[in-house]
Amino acid sequence: MAQIIKAIRGTRDLLPAETALWNRVERTAREVFARYNFGEIRTPVLEATELFARGVGEETDIVSKEMFTWEDRARAASEKPQSLTLRPENTAGVVRAYIEHKLHDTGQLQKLYYIGPQFRRERPQKGRYRQFFQIGAEVIGPASSGSESPLRDAEVLEMLAALLDKLGIPRASAANEYKGWRLLLNSVGSSTDRPRYVAALREALAPVKDRMCPDNQRRADTNPLRVLDSKDEADQAIIDALPRIADYLDDASKQHFADVLATLDACGVPYTVNPRLVRGLDYYTRTTFEFTVDLGLGTQNALLGGGRYDGLSEMLGGPRAPGIGFAIGEDRLILTLLALAEAKAADEGEPAPAKIDAYIAPLSPAQNAAALALARILRGAGLQVEVGDGTFRLKKSFDAADRVARHIVILGEDEVTQQQATVKAFASGEQRKVEFHTLASTLRA
RNA sequence: GCGGCUAUAGUUCAGGGGUUAGAACGCGGGUCUGUGGCACCCGAUGUCGAGGGUUCAAAUCCCUCUAGCCGCCCCA
């Protein structure tokens with residue numbers, strides 16, 4: 001026998017039992033985003049490698065070692081091959097599209113959302129896949145459209161809180177032993193604040209880094225900001241004594257952050273300011289945030305992340321266009337919802353699976369044609385209908401029907417000639433004959 | 001990319017050198033010819049993740065690979 005072919009490492013198939021939940025999550029996200037006046041954007045899965053090198057940052061882990069990149073052959077001898085990359089995130093692509101389609105010329109604020117697969121070549125783990133799905137949104141536009149306003153930051157965060165609430169994920173609180181979602185917020189400063197802070201951090205780390213763990217020694221050189229969210233217990237005392245970003249923000253950034261917090265307070269969105277929160281992508285400025293959840297994710301507890309990127313458009317050759325956005329790890333969101341459902345099932349028992357309206361059981365192959373014709377009419381009326389096969393014994397049809405449907409519609413020789421179906425409702429056990437032309441309304445009940 | 005654990009039926013798992021690999025649930029059939037769910041009786045489950053090695057003999061021991069999970073790294 002030939003060797004079977006399997007899904008490649010870090011990718012997976014989602015079967016109908018799972019896609020039902022994925023569709024519910026996506027439908028809910030679309031509904032919530034629409035209320036906030038976001039429109040959907042779909043950008044290519046494939047982009048020029050250059051986009052991510054410039055947008056996300058050459059030195060980041062994502063770009064330096066986690067991208068699926070290859071040389072696409074040149075079409076002509078005179079042409080150079082082009083380096084292509086499977087997108088590792090979607091913000092760079094959205095901003096590229098914003099520039100390419102001159103959306104800035106509308107002068108309007110653009111509110112865009114996307115849902116789609118992203119690709120990173122990491123070692124797979126629970127909640128971490130090589131093809132994973134993100135639900136994200138971006139608010140971007142010329143400064144004159146209000147894109148820089150702290151109101152936008154707060155609106156995006158409030159929208160996320162609304163989405164998680166609507167999906168039924170509880171807020172972390174004393175009442176539920178802090179199981180639930182939690183918003184962590186920080187400001188990493190403007191494009192001038194940050195370099196000043198990083199310089200100060202390097203200076204403070206220089207005399208103490210030898211006493212830190214090897215990982216932190218490496219970070220101290222390559223990416224000092226990452227030292228801040230180190231989990232190494234022994235290094236915490238040193239980290240606590242390091243300079244804080246808040247002390248390096250200029251007045252405008254300080255005021256901006258204070259306004260974001262005040263607006264969140266006014267909207268009743270709970271948050272925790274975490275001065276150590278840093279993000280792994282270079283384009284972030286000012287407000288950065290992360291929603292964590294301690295349900296079903298294990299060590300990958302970041303459910304979503306995002307922040308402001310006031311300089312990204314210019315880095316990609318576009319006009320000045322401040323923006324803010326986020327990306328939800330859809331796979332992680334699903335894991336969280338599954339963990340919640342499991343906890344609920346343990347408390348209240350398994351919920352009954354959703355059933356379709358009817359299962360049509362022809363008694364012999366002679367009724368097969370009539371069965372499918374009847375199904376066509378019922379389906380046309382909007383009912384969910386499955387059709388059995390006349391080779392089944394009635395007993396088997398009952399078994400098959402009870403699994404998927406609320407009613408069994410029995411179709412024998414008599415039923416076809418009389419144009420009446422025998423209908424039995426599984427819940428009540430009640431059985432009667434129903435004229436074909438009133439069948440749809442009977443089954444709907 | 002680093003370290004650890006794991007891989008047996010559709011599923012959850014037993015079996016840890018000795019004929020033909022097991023249980024439960026699930027699945028197919030029958031008792032029961034147009035009335036299921038219960039009960040009883042049959043039955044099929046399978047390259048024991050893949051490849052190689054040790055051995056008279058390997059699901060079992062060893063090596064390599066692959067995949068999953070846990071921790072790190074990183075991030076969503």
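If you check B/rG29, B/rA76, B/rC69 against the side chain of A/Arg123, the one that comes closest is B/rC69. Of the candidates B/rA76, B/rG34, B/rC74, B/rA76 carries the atom nearest the A/Arg332 side chain, counting heavy atoms from C-beta on. For A/Arg393, taking side-chain heavy atoms from C-beta onward, the closest of the listed nucleotides B/rG29, B/rC69, B/rU35 is B/rG29. Among the nucleotides B/rA76, B/rG30, B/rU35, the one closest to the side chain of A/Leu394 is B/rU35. Considering only side-chain atoms of A/Tyr284, the nucleotide from B/rG71, B/rA76, B/rG29 that sits closest is B/rA76. Closest approach to the A/Ala327 side chain among B/rU35, B/rA76, B/rG68 is made by B/rA76 (side chain taken as heavy atoms from C-beta onward). Of the candidates B/rC32, B/rA67, B/rA76, the closest approach to any side-chain atom of A/Arg9 belongs to B/rA67. In this structure, the nucleotide among B/rG28, B/rU35, B/rC75 sitting nearest to the side chain of A/Arg403 is B/rG28. Residue A/Arg226 has its side chain nearest to B/rC74 when only B/rA76, B/rG29, B/rC74 are considered. Listed nucleotides: B/rG28, B/rC72, B/rC32. Nearest to the side chain of A/Arg128: B/rC72.
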| When you look at A/Tyr309 and A/Met315, which way does the side chain to side chain contact (heavy atoms under 4.5 Å, CB included) test go after all the steps? | CA-CA 10 Å; A/Tyr309 43 84; A/Met315 286 158 69; over 6 Å; no
| query | side chain to side chain contact (heavy atoms under 4.5 Å, CB included) between A/Val95 and A/Leu51: does it pass, once the steps are laid out? | reply | CA-CA 10 Å; A/Val95 175; A/Leu51 173 66; over 6 Å; no
| message | Between A/Leu378 and A/Asp357, does the side chain to side chain contact (heavy atoms under 4.5 Å, CB included) criterion hold? Intermediate values first, please. | response | CA-CA 10 Å; A/Leu378 297 176; A/Asp357 298 302; over 6 Å; no
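A donor-acceptor contact closer than 3.5 angstrom is absent between the side chains of A/Asp310 and A/Ser190.
Nearest-nucleotide positions on RNA chain B place A/Thr422 closer to the 5' end than the other of A/Asp229 and A/Thr422.
Here B/rG37 presents its C1' atom at 8 Å from CG of A/Asp399, a figure rounded to the nearest Å. One interatomic measurement links the two molecules: CD of A/Gln125 to P of B/rG3, which rounds to 15 Å at whole-angstrom precision. Between the CG atom of A/Asp389 and the C1' atom of B/rG34 there is a distance of 16 Å, given to the nearest Å. For A/Lys433 and B/rU35, the NZ to C1' distance is 13 Å, given to the nearest whole Å. A straight line from CD of A/Glu66 to P of B/rC75 spans 8 Å, rounded to a whole angstrom. Here the C1' atom of nucleotide B/rC32 and the CZ atom of A/Phe392 are 18 Å apart, to the nearest Å. Whole-Å rounding puts the A/Met67 CE to B/rC75 P distance at 14 Å.
Across A/Gln131, A/Arg87, A/Arg121, a single residue satisfies side chain to side chain contact (heavy atoms under 4.5 Å, CB included) together with A/Phe68, and that is A/Arg121. The salt bridge (charged side-chain N to carboxylate O under 4.0 Å, His left out) with A/Glu122 is formed by just one residue from the set A/Arg130, A/Arg128, A/Arg9; it is A/Arg128.
Nucleic acid contact for A/Gln367: none, since no nucleic acid atom lies under 4.0 Å from a heavy atom of the residue. Backbone-only contact: A/Gly10 has heavy atoms under 4.0 Å from sugar-phosphate atoms and none from a base. In this structure, A/Asp331 reaches neither bases nor backbone, as no heavy-atom distance under 4.0 Å exists between it and the strands shown. Residue-level contact check: A/Gly136 touches neither bases nor backbone, having no heavy atom under 4.0 Å from any strand. Looking at heavy-atom distances under 4.0 Å, A/Phe291 makes no contact with the nucleic acid at all. Among the protein residues, A/Ile135 comes within range of no part of the nucleic acid, since none of its heavy atoms lies under 4.0 Å from any strand.
Between B/rU64 and B/rG28, the distance separating the two C1' atoms is 41 Å to the nearest Å. On the P atoms, B/rG71 is 27 Å away from B/rG15, given to the nearest whole Å. For the P atoms, the distance from B/rG29 to B/rG17 is 41 Å, rounded to whole Å.
Surrounding CD of A/Glu31 are more than 12 heavy atoms belonging to other residues, nucleotides or ligands, all under 6.0 Å away.
Aromatic ring pairs are classed by plane angle as parallel below 30°, tilted from 30° to 60° and perpendicular above 60°; the pair A/Trp181 and A/Phe291 is tilted.
Taking the six-membered ring where the residue is Trp, the centroids of A/Phe33 and A/Tyr113 are separated by under 6.0 Å.
Because its glycosidic torsion is within 90° of 0, B/rG16 is reported here as syn.
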| query | Just the dot-bracket of RNA chain B, please: which string comes out with Watson-Crick or G-U pairs under 3.5 Å, [ ] for crossing, | for another strand? | reply | (((((((..((((....[...)))).(((((.......))))).....(((((..]....))))))))))))....
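In this structure, A/Phe398 forms no aromatic stack with the base of B/rG37, since the conditions of centre separation below 5.5 Å and plane angle below 30° are not both met.
For A/Thr69, the side-chain contact (heavy atoms from CB on, under 4.5 Å) test picks out A/Thr49, A/Met67, A/Ser83, A/Thr85, with sequence neighbours left out.
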| remark: Counting primed atoms, P, OP1 and OP2 as sugar-phosphate and everything else as base, the B/S/- map of nucleotides 6-13 of chain B against protein heavy atoms under 4.0 Å is --------
